Asks: 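Handing you this structure, nothing more for now.
Just so it is clear, the model here is predicted, and its values are computed rather than measured. Note on naming: letters A, B, ... go to the chains in the order of the sequence lines (proteins, then strands), and numbering restarts at 1 for each one.
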Amino acid sequence: MTLQSIVTISLGAILIENFVLVRFLGICPFLGASKRPDTAFGMSMAVVFVMTAASAVTWLVDRFLLRALSLEYMRTVAFILVIAALVQFAEMFIKKYLPALHSALGIYLPLITTNCAVLGVTVLNSDHASGFIESVFFAFFAGCGFTLAIMLFASVRQRLEYCDIPAPFEGLPIALVTASLISMAFSGFSGLQLLI
Amino acid sequence: MDILYSVLALGGMGIVLGLLLALASRVFAVRGTRGSDAILELLPQTDCGACGFPGCAAFANELLRSPALAGECAIGGAAVAEKLSALLGAPQAKNTRQTALVRCSGGLRAKNRYQYEGLSDCSAATRIGGASPKECPYGCIGLGTCVSVCPRGAIGLVEGVAVVDHERCVCCMKCARACPKGIITAVPYYADVNVACSSLQKGAALRRMCDIGCLGCKVCEKTCVHKAIRVIDNLAEIDFDKCTGCGDCAEKCPRKLIVDAKLDRAPRMFTEEHS
């Protein structure tokens, strides 16, 4: 695990293959929890946490259970099961020992049990058959990418509140248009692949 | 064999994870967060949000930190405030419950300028033919825009004017934002007297338009021994910090605009019609 490969993974997960804006995973919390930057931040911290923890656990399950028994086709079901249990477990643990963190993550932690971005990162790791440390780093940076996307979007949405928007576009329609514009901007990063 | 393996693997995982979670819920159990459960039991638990916190549970947690907020529960009112103060050992909190008040009593007693036959919506009515179909530019139009936005069904039209049922109102002020005349304001729930008029016109002009509106005659101002009522811009206004609710102003008001709720709590209250 060299520094160079960490940079490569981080650039790839945050900018080039941003989970929300390029891969279109996790759109639901992206639109749902982005009305205010502080809720967006709580949500994205929960996503970073769950993604990192989930990819570590699912890597073990994938390698030592599914692949060992050649049950790869059960991947989706097994991963959902593991992630759901992990999130529940993590919530109980945090509530008991880290009440401050629990109140910061709040309701977002249980909400993202079945977030497709979380499932997506574990499935991608499994597809690439990457190593343990690599998988965890990739998941962490994917979560950071989610944070970047939702924070950008939340700050734009906050300014939209003050804009004179035509009535048919008020609310979700203008949010979707905004999201697509941000997504188009991110497509500009695809050229970075050549440099690495 | 494949089926057996997959069933065993997934079933085994399910059982192991389930047992782990069951164990964890025992080990990591958090006992009732320091009395907030007891507080929550006293609250109405309708999660109306009128206290300014997201739901009763959040309010209960906040009460632990600052017991002075005990009077903030709009639905619970004085009864809940008293119990909360007793539980939290705080000095009796002043009840700050408020209610919306439509500051117009005109309705059928206010003359029409023309017969309005457009959309049955106050905002629509203000946009054609001047400010209002009524002669009085301040008064309630009576088409019930506030009635339709009220989430608690606390507003009704009585004799052509909107009236708030103070018992049902939680003072969310949606009606105030919807009213194109801006004549709905918050008043203390325990206010015994209110001036339900918004007209700033001189008495002689108003008299031609409305049979009940405030003329600014200052009889109430002279009557009030607590100096709680003043006439500003031809309209009586009550300072609720000074008002003791003695009802002298209501007795002396020549237009019978000021109503003493102690004697006759909102005589035109529409709940009577409903119940």
Side-chain angles (χ1 to χ4, degrees), chain A residues 33 35-36 38-39 42-43 53-54 56-111 113-114 122 126 167, chain B residues 1-37 39-40 45 47 49 51-66 69 119 121 123-124 127 145 149 174 177-178 180:
Chain A
K35 283 223 177 86
R36 283 166 40 214
D38 51 340
T39 51
M43 183 76 200
V57 177
T58 51
W59 188 88
L60 294 173
V61 170
D62 191 40
R63 180 60 55 95
F64 295 115
L65 193 70
L66 299 183
R67 277 175 207 271
L69 298 173
S70 57
L71 289 172
E72 284 91 348
Y73 56 91
M74 299 297 283
R75 200 172 59 182
T76 313
V77 187
F79 282 8
I80 289 179
L81 188 66
V82 170
I83 294 170
L86 172 78
V87 172
Q88 290 298 319
F89 183 83
E91 207 207 347
M92 286 184 225
F93 182 84
I94 293 175
K95 196 174 183 181
K96 174 87 174 176
Y97 293 108
L98 304 163
L101 183 65
H102 185 260
S103 61
L105 297 181
I107 53 166
Y108 303 113
L109 196 53
L111 272 184
T113 313
T114 48
T122 56
S126 172
Chain B
M1 262 340 246
D2 273 357
I3 294 177
L4 193 64
Y5 274 145
S6 53
V7 168
L8 277 181
L10 267 199
M13 263 169 67
I15 290 172
V16 169
L17 290 172
L19 285 176
L20 264 178
L21 281 184
L23 195 69
S25 70
R26 284 280 177 83
V27 175
F28 300 134
V30 180
R31 249 164 261 106
T33 46
R34 299 150 298 158
S36 76
D37 290 351
I39 299 176
L40 197 57
Q45 305 203 18
D47 294 334
C51 54
F53 298 97
C56 290
F59 181 51
N61 277 328
E62 194 60 32
L63 275 174
L64 280 173
R65 250 171 284 154
S66 35
L69 296 172
L119 268 178
D121 178 85
S123 307
R127 282 176 194 163
T145 295
V149 299
K174 281 193 178 135
R177 289 189 287 275

Asks: Hey, is CZ on B:Arg127 packed in by over 12 heavy atoms from elsewhere, all under 6.0 Å?
Replies: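 Incorrect, the count does not exceed 12.
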Asks: Say you draw a straight line from NZ of A:Lys96 to OG of B:Ser25; how long is it, rounded to the nearest 0.5 Å?
Replies: 11.5 Å
Asks: If you look only at pairs with a residue in residues 12-26 of chain B, which of them pass as a salt bridge (Lys or Arg N to Asp or Glu O under 4.0 Å), with sequence neighbours excluded?
Replies: none
Asks: Taking atom OG1 of B:Thr145 and atom CG of B:Asp121, what is their separation to the nearest 0.5 Å?
Replies: 3.5 Å
Asks: Does any pair with a residue in residues 69-78 of chain A pass salt bridge (Lys or Arg N to Asp or Glu O under 4.0 Å), and if so which ones, sequence neighbours excluded?
Replies: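 For residues 69-78 of chain A: A:Arg75-A:Asp127.
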Asks: Output a table of donor-acceptor pairs, distance under 3.5 Å, between side-chain atoms of residues 4-19 of chain B and any protein atom two or more places apart or on a different chain; print 'none' if there are none.
Replies:
{"unit_1": "B:Ser6", "atom_1": "OG", "unit_2": "B:Asp2", "atom_2": "O", "d": "3.1"}
{"unit_1": "B:Ser6", "atom_1": "OG", "unit_2": "B:Ile3", "atom_2": "O", "d": "2.8"}

Asks: Going by residue number, which parts of residues 78-87 of chain A are within reach of chain B, meaning a heavy-atom gap below 4.5 Å?
Replies: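 At a heavy-atom separation under 4.5 Å, chain B is reached by A:Ala78, A:Leu81, A:Val82, A:Ala85.
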